[in-house]
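For reference, the structure discussed in these notes is given below.
This one's a predicted model, so the numbers in the text were calculated from it and none came from an experiment. Proteins get letters first, then strands, A, B, ... in listed order; numbering begins at 1 in each.
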Amino acid sequence: MKINKQDIIKKEDFLWEIPQTFRPQMLVPARVIASETLLDAIMEDRSLVQLVNVASLPGLIGASLVMPDVHEGYGFPIGGVAATLYPNGAISPGGIGYDINCGVRLLTSQQNAEEIKFKLEELSKEMYAQIPSGMGKGGQINLNPKEMDEVLTKGAEWAVDNGYADKEDLAYMESNGRLDNADPAMVSEMAKKRGSDQLGTIGSGNHFVEVDYVDEIYDPIAAEAYGLSKGQVVVLIHTGSRGLGHQVATDYIREIMAAMPNYGIKVPDRELACVPFNSQEGENYFKAMCAAANFAWCNREIISWEVRKAWKNVFGADVDPLKLMYDVAHNIAKIETHQVDGEKLKVLVHRKGATRAFGPGFEDLPKEYKHIGQPVIIPGSMGTSSYILAGANRSEKISFGSCCHGAGRKLSRTAAKKQVNAPVLKEKLKEIGIYVQAGSFKGIAEEAPIAYKDVDEVVETIQNSGIAKKVAKLRPMAVVKG
DNA sequence: ATGTGC
C-alpha cells in the first residue's frame, strides 16, 4: 500500500484526513495533526500506512489518529492514538508499545541557572553516579517476590510506603501513579525476574535524566500554577518499565497472536495482533499492562529519590527540596469516557508515544492545576529545547484528550550512528554549556539532535491545532544517558 | 524500547 498526497484531505488547518473510503477495511477515517511541512516529512516512512491499518481494528471508533511527532513503530505508529469501544472492542499490545508506561516527569527546584552553573559538572557526575543507566543494568534495590507484587499493585505509592518519597508526590502524577486494575498474578515469573533489580534505573535508548532551566515563559498564569518561573532549574526524567514491561509485552503479543483466530479477528498486519477487551486474553493483558505501568511509576519515583540524593550531596542537606510538578505516561491504554459524534461512550484509549492532555475542568488533576488543564511534558532531543504545555479542551473534541510526546525520530538508530561522530558531538555540546554523561558513545550517536524532528516546529503545530497550549520552554544544562 | 536476532 502506498499513500499519496492526493489521498489526504485537508479538514482544517493542521488537521488532515484519509477518508474511510480509502480502503474497504477501514471502520473510521484516519487523521493526522500536522503542519504541511511536517505532513510531508511524515509521508517519508510507513507511519500513514500503519495509521490506515489501525483504522480497521475491531471496535475502533471516531478516527485513528497521529500526532506531528509520529514515526513508524511496531504495528502501530509511535505518536498514535486509537480508541476502541469498551468493553467489547479490541485491545492491542502493539498500540501501547514494548515499553509499557514509558513516560516523563518534571521536578522543579528553587534555584536558578546562574546560581548553579559553577557546580554543573560536579552535579552531572554525581547524578551519573547515583542513577544506574544502560542496557540490562540493575540498581541498588532487589525486590523479593512479595515486594515485587506490592510494587506491581501500588505503583509509586510503594516508594512512599518504603521511605523513598513523600506522600505529596502522588497527587502530581497521572492516575496518582497507580492503576487499580493491576494484577501481579498476570505478570510472568520471567518478567518479574527481569524487573527485580531494575527499580531506580533509566535504561538506554532515548531514556535520560536531564537538568534544564526555564528559558521562556509563554503563559504566565499557567506557569505560576505549575510552579515555573524564568531562569529556574528543573529536572526532566524520561524512562519506563524496563525489562519487566518489555517481557509483559513479549509474553502477551505471543499469546494474543495465537488467540486471535478464536475470535475471528483478521488484521492487515500481524503486528496489530489484538483480542476483544472482554476476552480472557484481553483482560489478562490489561491487568498485566496496568501492573507494568505501576512498576514504571514506581521506577520514576525511585529515580527521583536518587536525583534528590545527588542534589543534597552537591548543594548541601538543607537545599530546598525538588518538587514534583507532574508525571505523564506516554505508552499506555486507559478506560475513559469520551464524547463521540454527540454520544458519551466508554472507550479504551491506546496512547503509543502520545500524552494524555485533558483541558481545564478535568477531574484527575491537583486542585491548583484544575483551572489550567493537565501539564503535558514534551522532551526534545539531547541538546535541544523541551516544552511544558497545558492540555486544552479541544483535545477532548479531536484527539481523545491526547497530545504529542516528543520531537519524534527522523532517522533510524542505524542511520544516526552512520552520520554522527559521538565524541565530537559530546565536545560540541560541552562548548555550548551542556554536560553529557553517557555510558556509551553509541547511545550519544543514536540520540543526536539530527536524528530527531525540529521540536519547536512540532510544538508550534500542537499549539496551532489547539489541543494544548505552550506554557514554558526548557533548555538543557546536563544530561545523564545510558 | 529490550539480557538488540527465527
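When rounded to the nearest whole Å, the span between CG of A/Asp251 and C1' of B/dT2 equals 13 Å. We find that NE2 of A/His246 is positioned 8 Å from C1' of B/dT4, with the value rounded to whole Å. One can place OH of A/Tyr252 at 19 Å from C1' of B/dT2, the figure rounded to the nearest angstrom. The distance between atom CG of A/Asp99 and atom P of B/dT4, rounded to the nearest whole Å, is 15 Å. As a whole-Å value, the separation of A/Glu447 CD from B/dT4 C1' is 14 Å. Whole-Å rounding puts the A/Ile100 CD1 to B/dT2 P distance at 12 Å. Counting to the nearest Å, the C1' atom of B/dT4 and the NZ atom of A/Lys417 are 9 Å from each other. Rounded to whole Å, the distance from CD1 on A/Ile78 to P on B/dT2 is 13 Å.
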Item checked: Step-by-step side chain to side chain donor-acceptor pair (under 3.5 Å) determination, A/Tyr387 to A/Asp456 -> CA-CA 9 Å; A/Tyr387 286 85; A/Asp456 301 323; 2.5 Å; yes

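Within the structure, every side-chain polar atom (N or O) of A/Thr250 is placed at least 4.0 Å from both OP1 and OP2 of B/dT2.
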Check residues 255-266 of chain A and write down every donor-acceptor pair under 3.5 Å in which the side-chain atom is one partner and the other belongs to a residue at least two apart or another chain.
| unit_1 | atom_1 | unit_2 | atom_2 | d |
| --- | --- | --- | --- | --- |
| A/Tyr263 | OH | A/Glu281 | OE1 | 2.5 |

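Only one option out of A/Lys442, A/His207, A/Arg413 pairs with A/Glu447 in a side chain to side chain donor-acceptor pair (under 3.5 Å); it is A/Arg413.
No engagement by A/Gly97 is indicated, since no non-hydrogen atom pair under 4.0 Å with the nucleic acid exists. A/Gln198 comes within contact range of the sugar-phosphate backbone alone, with a heavy-atom separation under 4.0 Å but no base atom that close. Heavy atoms of A/Arg413 sit under 4.0 angstrom from primed sugar atoms or phosphate atoms, though from no base atom.
Relative ring orientation between A/His238 and A/His330 is described as perpendicular, the plane-to-plane angle rising above 60° on a 0-90° scale split at 30° and 60°.
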